[in-house]
Amino acid sequence: MTATAKSAPDVSSQEYLDALRHSCAHVMAQAVQEIFPGTKITIGPAIENGFYYDFDGPHHFTEEDLAKIEKRMRQIAEGNHPFSGKEQSYEESKAYWSGRGEKYKLELLDGIKERGEKITHYTHSTFTDLCRGGHLDSTKGIRHFKLLSVAGAYWRGDEKNPMLQRIYGTAWGTKDALDGHLKMLSEAKARDHRKLGPALDLFSIQELAGPGLIFWHPKGGLMRMIMENWLRAEALSRGYQMVYTPHIANIDLWNTSGHRSFYKDNMFTEIEVEKADYQLKPMNCPFHILIYQSKLRSYRELPMRLAELGTVYRYERSGVLHGLLRVRGFTQDDAHIFCTRENIESEVAGCIDFALAVFAAFGFEKYQMEVSTWDPAKSADYSGEAADWEMAQAALERVLHEKKLPYKLIKGEAAFYGPKIDVKLIDAIGRAWQLSTIQFDFNLPQKFSLEYISHDGSRQRPLMVHRALYGSIERFFGILVEHYAGHFPLWLAPVQVKILTLTDEQNAPAQALEAKLKAASLRPVLDLRGEKIGAKIRDAQLEKVPYMVILGPKDVAAGVISVRLSDGRQFQGLRDDDFIAKLVKECSDKLTKPDWGNA
RNA sequence: GCCGGGAUAGCUCAACGGUAGAGCAAUCGCUUCGUAAGCGAUAGGUUGUGGGUUCGAAUCCCAUUCCCGGCUCCA
């Protein structure tokens with residue numbers, strides 16, 4: 001390197017952002033210890049979009065405290081203190097942290113020693129942390145940040161450990177980046193399905209009925225029906241067979257499946273019925289297996305794809321419930337594919353194609369695939385044969401390769417019963433949501449001793465694939481609400497057209513138009529109230545209705561209609577038949593909007 | 001489940017130890033109007049629930065339910 005000044009860092013690179021955020025965490029810890037002496041520090045890493053630091057102390061941080069801490073952080077940052085690192089011996093480090101009574105740091109220190117790692121301390125200003133490094137050159141670079149929230153977090157993420165207080169912050173290389181992120185956060189808040197859902201009269205959760213249980217109102221119910229019908233039609237055309245199974249079953253079934261032992265924590269307690277115990281179903285799998293098992297199967301019947309919109313009930317701890325995204329009763333678009341080893345690649349490919357069709361239909365352009373495989377070193381912890389695992393994992397990866405779909409390989413993350421592909425959707429404002437899942441199951445076929453008769457007359461064990469594409473209809477719907485911020489594509493919109501009249505004179509023509517729209521299988525609603533047109537438009541706009549037809553004396557006299565789109569564009573003098581034809585086409589195209597020309 | 005915060009009319013909020021109030025929505029009436037709020041009237045509340053302190057509690061205390069931010073877990 002020459003004597004010239006160091007080139008400016010790329011403030012948008014991940015490396016820079018990690019260093020910045022990590023540096024923020026240190027500065028925050030200094031500020032907290034200055035303002036609240038005696039607070040013990042634990043760990044404070046950089047995370048996606050920001051940083052946090054976990055503290056232990058008697059004072060409970062409030063919103064006002066965050067403002068104070070943030071102010072002090074800015075002062076420290078402006079002091080332009082360099083970060084410097086120094087390797088220390090275990091004894092030196094131990095003496096330092098003992099002297100300060102930092103018991104968490106001492107615990108971390110012992111861990112570092114056990115793993116035989118280097119012990120380094122990083123210092124800026126008056127603050128020193130036990131840290132492996134990765135900071136900015138100086139605190140001067142810390143400018144575009146904001147403290148966001150305080151939350152509880154267990155020491156080392158273990159609920160048996162003490163609860164610490166975590167302060168979250170976000171930090172960026174430029175003001176624009178920070179503003180952009182804060183805007184995304186407020187946009188996310190504005191789209192929150194828990195707010196929009198009830199506001200648009202789509203669904204509710206009722207305290208009297210219990211938490212985590214969803215009431216689908218008429219509009220949400222209609223949308224759900226459309227989603228379900230679409231999925232059923234797709235499934236049938238892709239060779240699935242639709243089944244229906246009970247919501248409850250004798251406990252013996254759950255003992256056989258093994259759920260009573262490995263899934264007990266998530267199951268509601270059993271219900272006694274005539275001296276036998278019954279169990280509300282947390283999963284559909286055993287039921288589909290019973291259908292498979294109801295007679296002797298031939299290889300000629302495979303692959304057998306049994307699908308159901310199966311409602312399951314899972315006991316979720318009260319603190320984890322979240323709107324439609326985490327509930328106690330939900331409906332999975334569940335399917336179980338029973339197949340031979342020869343089938344697996346084409347079946348996995350079929351599932352992937354179906355999943356991509358779902359995303360395309362509902363307007364999700366981005367997604368991330370993750371393949372979770374086993375840890376062969378712990379093969380005893382898994383069900384099934386090593387050969388089957390290897391074959392299934394290879395098939396999952398091969399299919400994704402062939403379809404040129406990028407994926408992340410997560411080794412050792414498979415469930416004990418089989419490897420899987422999870423798909424995360426990326427929504428309109430860049431958030432990822434876990435949704436579709438395609439999982440092999442080497443456990444249940446064994447538990448239920450599933451068989452088919454092979455072409456050579458021998459009895460063989462089929463392979464089984466679980467697959468859910470929406471994942472849960474509730475969750476998918478919640479994500480849809482947020483993705484579109486309530487402005488649903490026409491084919492899903494519960495009210496597609498609102499017919500607004502200027503005066504009572506237009507009531508009859510408005511009703512005639514309503515009938516015509518209904519005859520074309522569209523969903524119109526009349527607004528004949530004695531309100532001014534501006535008020536009717538405002539109401540329709542707030543309901544996020546895609547199209548408004550405005551009927552006034554001039555329109556009726558000319559035999560035309562005026563159309564207003566929810567984006568504000570207006571078109572006068574349209575023929576109703578043309579309007580209807582465009583809407584019908586938009587519904588069948590699903591996501592392609594018609595060309596309305598310029599307003 | 002755990003830590004912290006919260007709950008007042010359908011919604012958004014006010015009253016912060018001394019008679020619970022506003023706007024919007026709802027209902028009724030008037031208005032018949034050209035692209036985001038016409039006017040008036042009426043009705044609506046054991047302040048989430050249960051206890052306690054007090055002459056007096058929406059307000060202070062305890063318990064509980066539900067919600068929110070996270071942790072752990074997950075479709």
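Within every chain, numbering begins at 1; the chains are lettered A, B, ... in the order of the sequence lines, protein sequences first and strands thereafter. The analysis underlying the following values was restricted to heavy atoms, covering all of them including side chains, and did not include hydrogens, waters or symmetry mates. Being a predicted model, the structure only gives us computed values, none of them experimental.
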If we take the [atom1] atom in both [N] and [M], what is their distance in whole Å?
{"N": "B:A63", "M": "B:C2", "atom1": "P", "value": "13 Å"}
{"N": "B:G45", "M": "B:U31", "atom1": "P", "value": "32 Å"}
{"N": "B:U64", "M": "B:C3", "atom1": "P", "value": "11 Å"}
{"N": "B:U59", "M": "B:C16", "atom1": "P", "value": "13 Å"}
{"N": "B:A7", "M": "B:A58", "atom1": "P", "value": "15 Å"}
{"N": "B:U27", "M": "B:G70", "atom1": "C1'", "value": "44 Å"}

Residues of residues 465-485 of chain A with any non-hydrogen atom less than 4.0 angstrom from an atom of RNA chain B: list those, numerically ordered, please.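 Result for residues 465-485 of chain A: A:Gly471, A:Ser472, A:Arg475, sorted by number.
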Could you identify which residues of residues 545-558 of chain A place a heavy atom less than 4.0 Å from some atom of RNA chain B, listed by residue number, or say none?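 A:Ile550, A:Gly552, A:Pro553, A:Lys554, A:Asp555 - these, ordered by number, are the residues of the stretch whose heavy atoms sit under 4.0 Å from the strand.
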Nucleotide [N], atom [atom2] - distance to [atom1] of [X] in whole Å:
{"X": "A:Leu148", "N": "B:G5", "atom1": "CG", "atom2": "C1'", "value": "16 Å"}
{"X": "A:Asp65", "N": "B:G4", "atom1": "CG", "atom2": "C1'", "value": "12 Å"}
{"X": "A:Lys544", "N": "B:A36", "atom1": "NZ", "atom2": "P", "value": "16 Å"}
{"X": "A:Arg326", "N": "B:U72", "atom1": "CZ", "atom2": "P", "value": "12 Å"}
{"X": "A:Asp527", "N": "B:A25", "atom1": "CG", "atom2": "P", "value": "13 Å"}
{"X": "A:Ile533", "N": "B:G34", "atom1": "CD1", "atom2": "C1'", "value": "7 Å"}
{"X": "A:His336", "N": "B:A75", "atom1": "NE2", "atom2": "C1'", "value": "12 Å"}
{"X": "A:Glu543", "N": "B:A36", "atom1": "CD", "atom2": "C1'", "value": "13 Å"}

Close N or O pairs between protein and nucleotides 37-41 of chain B (under 3.5 Å):
| residue | atom | partner | partner atom | Å |
| --- | --- | --- | --- | --- |
| B:A37 | N7 | A:Arg538 | NE | 3.1 |
| B:A37 | N7 | A:Arg538 | NH2 | 3.4 |
| B:A37 | N6 | A:Arg538 | NH2 | 2.4 |
| B:A37 | N1 | A:Arg538 | NH1 | 3.2 |
| B:A37 | N1 | A:Arg538 | NH2 | 3.1 |
| B:A37 | N3 | A:Arg538 | NH1 | 3.2 |
| B:G38 | N7 | A:Glu531 | OE1 | 3.4 |

Respond yes when some side-chain nitrogen or oxygen of [X] is under 4.0 Å from OP1 or OP2 of [N], and no when none is.
{"X": "A:Tyr263", "N": "B:C74", "result": "no"}
{"X": "A:Arg564", "N": "B:A36", "result": "yes"}
{"X": "A:Arg194", "N": "B:C68", "result": "yes"}
{"X": "A:Tyr315", "N": "B:G1", "result": "yes"}

Tabulated below should be each protein N or O lying under 3.5 Å from an N or O of nucleotides 9-14 of chain B; please produce it.
| residue | atom | partner | partner atom | Å |
| --- | --- | --- | --- | --- |
| B:U12 | OP1 | A:Lys195 | NZ | 2.6 |

Please indicate yes or no: is the ring centre of A:Phe330 less than 5.5 Å from the centre of the six-membered base ring of B:A75, with the two planes inclined by under 30 degrees?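 It does: the ring sits over the base of B:A75.
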From the set B:U32, B:C3, B:A36, return the single nucleotide nearest to any side-chain atom of A:Thr503.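 Closest of the options to the side chain of A:Thr503: B:U32.
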Considering only B:C2, B:U35, B:A36, which nucleotide approaches the side chain of A:Tyr154 most closely?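 So the nucleotide nearest the side chain must be B:C2.
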Which residues pass the side-chain hydrogen bond (donor to acceptor under 3.5 Å, both in side chains) test with A:Asp504, sequence neighbours left out?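 Residues passing side-chain hydrogen bond (donor to acceptor under 3.5 Å, both in side chains) with A:Asp504: none at all.
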Identify each atom pair where a protein N or O and an N or O of nucleotides 63-66 of chain B are less than 3.5 Å apart, giving names and distance.
| residue | atom | partner | partner atom | Å |
| --- | --- | --- | --- | --- |
| B:U65 | O2' | A:Glu207 | OE2 | 3.1 |
| B:C66 | O4' | A:Glu207 | OE2 | 3.2 |

Which base sits across from [N] as a Watson-Crick or G-U pair, both distances under 3.5 Å?
{"N": "B:A25", "result": "none"}
{"N": "B:C30", "result": "B:G38"}
{"N": "B:A7", "result": "B:U65"}
{"N": "B:G1", "result": "B:C71"}
{"N": "B:U47", "result": "none"}
{"N": "B:C55", "result": "B:G18"}

Between A:Leu444 and A:Cys285, what is the shortest heavy-atom contact and its length?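 Nearest heavy atoms, A:Leu444 then A:Cys285: CD1-CB, 3.6 Å.
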Against A:Phe476, only a single residue in A:Phe330, A:Phe362, A:Phe359, A:Trp230 fulfils ring-ring contact (aromatic ring centres under 6.0 Å, His included); can you say which?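 Of all the options given, the one that passes is A:Phe362.
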So, do [X] and [Y] sit near enough that their side-chain heavy atoms are less than 4.5 Å apart?
{"X": "A:Arg529", "Y": "A:Asp539", "value": "yes"}
{"X": "A:Thr501", "Y": "A:Asn507", "value": "yes"}
{"X": "A:Phe287", "Y": "A:Lys281", "value": "yes"}

Ring centre gap for A:Phe61 and A:Phe36 strictly below 6.0 Å: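 Aromatic pair counts; centres sit under 6.0 Å.
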Less than 6.0 angstrom separating the ring centers of A:Phe215 and A:His217, yes or no?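 They do not qualify: ring centres at least 6.0 Å apart.
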Reported CD1-to-OG1 distance for the pair A:Ile473 and A:Thr331, which is rounded to 0.5 angstrom: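 Going from the CD1 atom of A:Ile473 to the OG1 atom of A:Thr331 covers 5.5 Å.
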